[in-house]
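Shown next, in structure tokens, is the structure this report addresses.
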Amino acid sequence: MSKSSTGSRLPRAKGIDMATFYSHKECAKKVKRIVLPSRNRQIVEEFITILGMKEKFEHYDVPIPNKVVMYGPPGTGKTLTAFYMAKRLELPLILVRLDAIIHSHLGETASNVRKIFDYAKASPCVLFLDEFDAIARTRENNDEVKEMSRVVNTLLQCLDEFEGESIFAAATNLEAELDNAIWRRFDTKMTYSLPDEVGRSEYISLLLDGFEHQEQVKQRASERLSGCSYADMEQIILKAKRKAIIEDSPLCPAHIDDAFAEYNPKSMS
Ligand SMILES: Nc1ncnc2c1ncn2[C@@H]1O[C@H](COP(=O)(O)OP(=O)(O)O)[C@@H](O)[C@H]1O
Ligand SMILES: [Mg+2]
């Protein structure tokens, strides 16, 4: 996701060259085919509704939510959800590349964290930190304990001071490794899992939409792709479509079988 053909780097003058900027229109393009399980859809909808009722919440002195954490296995739509929220809120998405923050100059990690939060304070956006565990690991189990605890402290401070129009979103595959104090700072939490049968069917239909296919394909794909992540499903179906195109024939169950055998999805091994 971080290597995008559409997103552009923020100008260096703004002080952060470790993030990619996507306009809300670019975000909309990325989320044309998103499957959000009903629980998560509900959470996102409520979040957006609340942001549209700021004054009422101020009147009742109830803080509005602005920090979302998404956790679950890879390829299940965490990053995609961040794009979706940016689209819905008509805010740009700032995708922060954590490797750039952390590995470039260890001593500067904390100041980098501060810079990106300062940016988000000044310019309304969805500030998205992917692979968040890399920065928010529990203080004990890190090699550079001292340095990282300084980073975690900075992060805690930034989260506490985070206010205004921007939204902070973070995603992790390893929620167990997140620092407890950081975990508590999030007002909104979304769990992601591998697709169930309903999610699988919905996604297969979205992927096959507009592509000529035999009737049994959906059923076969749903059986075959059981246990795959959405990302794997997408790759396998793309592979199957390529086969159909080469043969100049409608997509058939054998294309799915062959594509599956060739792709050898990691999540199943
Ligand atoms: N819930 C989903 N709905 C639709 N497509 C998905 C979903 N999850 C993953 N994908 C596909 O897989 C790609 C990678 O997903 P991503 O959101 O980066 O997963 P994660 O952040 O959970 O690892 C997406 O760009 C999309 O093509
Ligand atoms: Mg991701």
Side-chain angles (χ1 to χ4, degrees), residues 1-7 18-20 22 26-45 47 68-88 93-102 126-136 167-178 186 188-211 218 221-222 225-242 259-260 263-268:
M1 265 287 171
S2 60
K3 285 198 195 83
S4 151
S5 52
T6 51
M18 49 214 162
T20 312
Y22 297 85
E26 286 171 327
C27 293
K29 277 191 206 144
K30 286 190 172 284
V31 297
K32 274 192 190 138
R33 294 182 210 155
I34 185 171
V35 178
L36 267 182
S38 55
R39 177 88 191 105
N40 286 350
R41 186 169 290 276
Q42 205 182 329
I43 293 173
V44 171
E45 292 304 325
F47 193 89
V68 188
V69 65
M70 301 174 273
Y71 59 98
T76 52
K78 300 181 293 296
T79 303
L80 211 55
T81 304
F83 281 99
Y84 179 73
M85 293 184 87
K87 173 205 146 176
R88 289 290 307 275
L93 180 93
I94 310 293
L95 191 145
V96 179
R97 297 179 302 117
L98 276 185
D99 54 337
I101 291 192
I102 291 177
V126 174
L127 178 63
F128 178 51
L129 266 77
D130 213 348
E131 287 156 47
F132 187 56
D133 43 276
I135 208 169
I167 303 298
F168 179 68
T172 175
N173 304 328
L174 306 163
E175 79 270 19
E177 296 207 15
L178 279 196
F186 287 92
T188 309
K189 294 172 179 132
M190 283 194 270
T191 317
Y192 287 74
S193 20
L194 296 177
D196 60 9
E197 205 179 329
V198 175
R200 218 159 41 236
S201 301
E202 188 181 337
Y203 196 43
I204 290 167
S205 295
L206 287 173
L207 292 172
L208 293 186
D209 186 36
F211 197 94
K218 282 187 179 167
S222 181
L225 304 181
S226 160
C228 289
S229 67
Y230 289 97
D232 286 340
M233 287 180 67
E234 181 182 35
Q235 291 308 315
I236 292 166
I237 290 188
L238 282 175
K239 231 179 208 314
K241 282 184 177 177
R242 287 186 200 111
F260 179 83
Y263 183 75
N264 191 11
K266 245 194 172 154
S267 52
M268 322 251 326

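Ligands are counted one by one from 1 in listed order, and the atoms in each one are counted from 1 as well. FYI, the numbering just counts along the sequence from 1.
Residue Asn173 has no N or O atom closer than 3.5 Å to an N or O atom of ligand 1. Taking only nitrogen or oxygen atoms, main chain and side chain alike, Thr76 reaches within less than 3.5 Å of ligand 1. Inclusion of Ile34 in the set of residues having an N or O under 3.5 Å from an N or O of ligand 1 is not warranted.
Here the CE-CZ distance, from Met70 to Phe132, works out to 11.0 Å after rounding to the nearest 0.5 Å. Between the CZ atom in Phe186 and the CZ atom in Phe168 there is a gap of 5.0 Å [rounded to 0.5 Å]. For the atom pair CD of Gln235 and OG of Ser229, the computed distance is 9.0 Å after rounding to the nearest 0.5 Å.
Neither the backbone nor the side chain of Lys30 comes within 4.0 Å of ligand 1, counting heavy atoms alone.
The distance from ligand 1 to the heavy atoms of Glu234 drops below 4.0 Å at these ligand atoms: 11 (C), 12 (O), 26 (C), 27 (O). Annotation for ligand 1: atoms under 4.0 Å from non-hydrogen atoms of Pro74 are 23 (O). With ligand atoms numbered from 1 in the order given, ligand 1 contributes 4 (C), 5 (N), 6 (C), 11 (C), 27 (O) to contacts under 4.0 Å with heavy atoms of Tyr203.
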Verdict with reasoning, Leu80 to Val31, per side-chain contact (heavy atoms from CB on, under 4.5 Å): CA-CA 7 Å; Leu80 211 55; Val31 297; 4.2 Å; yes

Ser201/Lys218 under side-chain contact (heavy atoms from CB on, under 4.5 Å): CA gap, chis, key distance, verdict: CA-CA 7 Å; Ser201 301; Lys218 282 187 179 167; over 6 Å; no

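Listed for the Lys78 side chain is no donor-acceptor partner under 3.5 Å among the backbone atoms of Asn173.
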